[in-house]
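Working notes, structure below.
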Amino acid sequence: MSSSPRLRFLVAGPLSPRPTGRRGRILLAELAERLTQSSLALDVDVGKAIGAAGELKIKAKFSRFRDFSATEVVQQSLGELHRLRERLLAPSGRPRSDELLATVARIAGRGPLHTELAACFAPPPEKPAEPGGGDLVDELLARASSPKSAASSAIDAVVRGAVQSTPAGAAVEPSRAAHAALSAALARAANAVLADPALRAAEVRWRALRLFLGQCPRDELDVELLDVAAADLPAALAELGELDPLARPDAVFVLDPLQSLADAAALAEVAADLHAPVCAELAPAALGLDSTAAVAARIEADLDLGDEFTALRHDPASRWLTLALNGPVLAAETTPVGDRLVAGGAGLAVAALLASSMKLGGTFAQLGRDADLRAPAQGTFKHGQEDIPIGTAEPCSANAQLALARRGLTAVGGPQQSDLLTLAACPVVHQSEDAVSFAGQLLVGRTVRFALWVRDRVPAGASAEEAADAVTRAAALVLLPGTPIRPRFGAALARGESGAELKIAASYPAALTGAPVALSFALPLS
């Protein structure tokens with residue numbers, strides 16, 4: 001048995017276009033390569049967004065984190081239009097207006113974009129004559145002048161043609177107008193690609209995973225990835241029950257938001273069988289609401305969250321389930337048509353806060369309070385006339401977090417004017433006076449799985465003292481990896497008419513999880 005046991009976290013969800021069901025360890029340094037291997041690509045019609053005359057399909061590939069940006073999508077998938085736009089403001093080599101319009105017509109047809117760009121180079125309307133004697137005299141003199149010769153008319157025609165086909169650089173303002181119009185069209189097209197629901201979900205997964213892995217202490221925590229489709233997740237987790245109890249994960253974090261309470265209940269049942277808590281983001285729509293703020297407002301109004309959620313809270317299996325809301329801001333980008341914000345991954349944010357607490361002090365006691373975890377980017381919310389920066393999808397005060405926690409929900413929050421991420425509480429869903437936090441349930445699960453493992457190693461015919469000594473010595477090595485704090489642990493062997501039982505009691509101090517945890521149970525010996 002190792003003298004330096006480690007915690008095991010499992011992250012589960014679809015990490016490739018066709019999930020393989022494979023499970024394996026992952027480090028932050030390997031994540032970029034895993035993204036490259038995922039072969040993530042998308043075919044999207046951006047015709048309407050860009051202002052094409054009809055359908056305009058492009059292929060976008062995402063093999064690096066920086067590919068998830070409007071700038072990269074434009075450069076990779078709309079490269080010809082991107083280069084044309086850059087030439088519009090170049091010191092030399094600017095495209096002629098007729099060249100620009102011909103290129104746009106060839107790529108996107110003569111649609112709204114072509115019309116808008118043509119208008120940038122159209123001659124300004126004639127200025128109406130101003131009233132006054134001077135204009136009248138000029139007009140009379142012009143009428144009195146002799147008609148133009150044929151040669152003069154021909155020269156005028158050449159001049160007019162040259163003006164209509166001049167290099168765009170010869171007229172700075174039209175070039176700038178065309179550059180702005182083309183920039184906006186390309187940004188709309190890129191945003192249409194990045195807003196694709198399947199791609200958006202993939203971007204949140206990879207970015208949330210990077211946030212979590214960046215906090216993991218190497219000496220105390222192993223992380224495995226399970227590449228599995230959402231529909232297959234309960235069955236895939238159930239298969240882990242065939243593993244040795246100490247080879248199972250200590251906690252499971254789900255990549256994708258749960259879209260229904262039925263999905264949440266199914267995961268709770270599996271988690272109870274594994275004796276390993278599961279943390280997943282819950283989409284507010286699963287509660288019939290559209291935002292975290294709406295959920296909090298309903299609770300603050302002392303209204304329940306529906307019969308199905310109430311039933312879930314009374315299900316004993318929900319001791320092994322934590323549902324999180326309000327993910328962090330994972331990316332923010334300013335484009336010519338507005339800001340693009342990516343937020344989500346509340347379940348992985350909880351995992352990151354747990355890992356950050358472990359990294360700082362070797363315990364879970366700093367979970368969400370003193371841990372210095374920052375969102376990768378910031379969003380804003382309106383407060384009067386002011387835009388207030390925050391690090392989460394929605395503002396969620398400490399009071400709102402505590403109100404949600406009393407109803408069995410975890411919400412990620414943070415102070416205003418800051419990118420810090422905090423947790424005022426991290427409860428399990430179960431409604432019970434003896435329910436513990438997610439971190440506490442993690443230790444309960446590890447203790448139970450340890451007891452199942454050690455039960456089979458108590459020598460046949462061992463005395464009560466020998467059994468207690470074997471269990472206690474093993475507990476000191478296995479139960480609390482990477483921390484100097486040891487649980488108060490006791491074991492006894494009781495023999496009766498129905499056979500022998502291994503009775504185990506353990507308690508963990510508040511210094512480990514933020515609140516004391518105590519449990520006792522008996523296991524029959526075969």
Side-chain angles (χ1 to χ4, degrees), residues 8-45 57-69 72-73 76-77 190 192-216 221-240 243 248-249 251-260 263 266-267 270 278-281 283 327-328 330-331 342-352 355 376:
R8 292 186 181 90
F9 283 0
L10 177 71
V11 178
L15 286 163
S16 57
R18 296 179 181 83
T20 62
R22 288 198 293 265
R23 178 170 57 93
R25 189 179 175 193
I26 183 68
L27 298 172
L28 178 62
E30 303 166 345
L31 190 62
E33 183 179 354
R34 289 292 294 269
L35 175 56
T36 300
Q37 294 171 352
S38 71
S39 303
L40 186 58
L42 197 66
D43 291 313
V44 185
D45 174 18
K57 281 195 172 181
I58 64 172
K59 189 177 188 68
K61 295 182 179 180
F62 302 86
S63 58
R64 305 164 300 176
F65 278 98
R66 72 182 187 186
D67 291 341
F68 294 102
S69 74
E72 289 292 326
V73 170
Q76 291 186 28
S77 303
V193 172
L194 293 166
D196 178 88
L199 182 66
R200 182 85 169 194
E203 181 179 2
V204 169
R205 290 180 202 120
W206 287 103
R207 290 191 184 279
L209 190 54
R210 182 167 66 172
L211 173 66
F212 164 50
L213 291 176
Q215 298 300 314
C216 292
L221 180 61
D222 287 336
V223 179
E224 287 187 321
L225 292 182
L226 174 60
D227 184 21
V228 59
D232 300 328
L233 180 57
L237 293 180
E239 290 179 5
L240 300 179
L243 298 175
R248 301 174 198 168
V252 178
F253 298 91
V254 178
L255 279 173
D256 285 354
L258 303 181
Q259 301 299 324
S260 73
D263 292 340
L267 284 180
V270 174
V278 170
C279 178
E281 180 175 358
L330 299 169
V342 179
L348 268 291
V350 172

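We count residues from 1, following the sequence as given.
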Taking all atoms of both residues into account, what is the closest heavy-atom pair of [X] and [Y], and its distance?
X: F65; Y: R210; result: CG-NH1, 3.4 Å
X: P328; Y: A349; result: CD-CB, 3.7 Å
X: P234; Y: V270; result: O-CG2, 3.7 Å
X: A343; Y: V204; result: O-CG2, 4.1 Å
X: P19; Y: A229; result: CB-N, 3.6 Å
X: E30; Y: R25; result: OE1-O, 3.9 Å

[X] side chain near [Y] side chain, heavy-atom distance below 4.5 Å:
X: K61; Y: D67; answer: no
X: L10; Y: L237; answer: yes
X: F9; Y: C216; answer: no
X: V193; Y: L199; answer: yes
X: L15; Y: W206; answer: yes
X: L213; Y: L27; answer: no

Going from [atom1] on [X] to [atom2] on [Y], what distance comes out if it is rounded to the nearest 0.5 angstrom?
X: L40; Y: S63; atom1: CG; atom2: OG; result: 9.0 Å
X: L209; Y: L330; atom1: CG; atom2: CG; result: 11.0 Å
X: L255; Y: F212; atom1: CG; atom2: CZ; result: 10.5 Å
X: I26; Y: L225; atom1: CD1; atom2: CG; result: 5.0 Å
X: R248; Y: L243; atom1: CZ; atom2: CG; result: 7.0 Å
X: E33; Y: L35; atom1: CD; atom2: CG; result: 11.0 Å

Closer than 3.5 angstrom, by distance alone: can the side chain of [X] be matched with the main-chain N or O of [Y] as a donor-acceptor pair?
X: S16; Y: S38; result: no
X: S77; Y: K59; result: yes
X: D227; Y: R22; result: no
X: E281; Y: G347; result: no

Lys/Arg N to Asp/Glu carboxylate O, D222 vs R8, below 4.0 Å: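 No, no charged N to carboxylate O under 4.0 Å.
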
salt_bridge(R205, D256) N-O dist < 4.0 Å: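 Looking at R205 and D256, the cut-off is met.
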
Ring geometry between F68 and F62 (parallel below 30°, tilted from 30 to 60°, perpendicular above 60°):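 It falls in the parallel class, under 30°.
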
Which residues share a side chain to side chain contact (heavy atoms under 4.5 Å, CB included) with R66, sequence neighbours left out: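 R64, E72.
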
Which residues share a side chain to side chain contact (heavy atoms under 4.5 Å, CB included) with V228, sequence neighbours left out: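 For V228 the side chain to side chain contact (heavy atoms under 4.5 Å, CB included) partners, ignoring immediate neighbours, are A12, L226, D232, L233, A236.
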
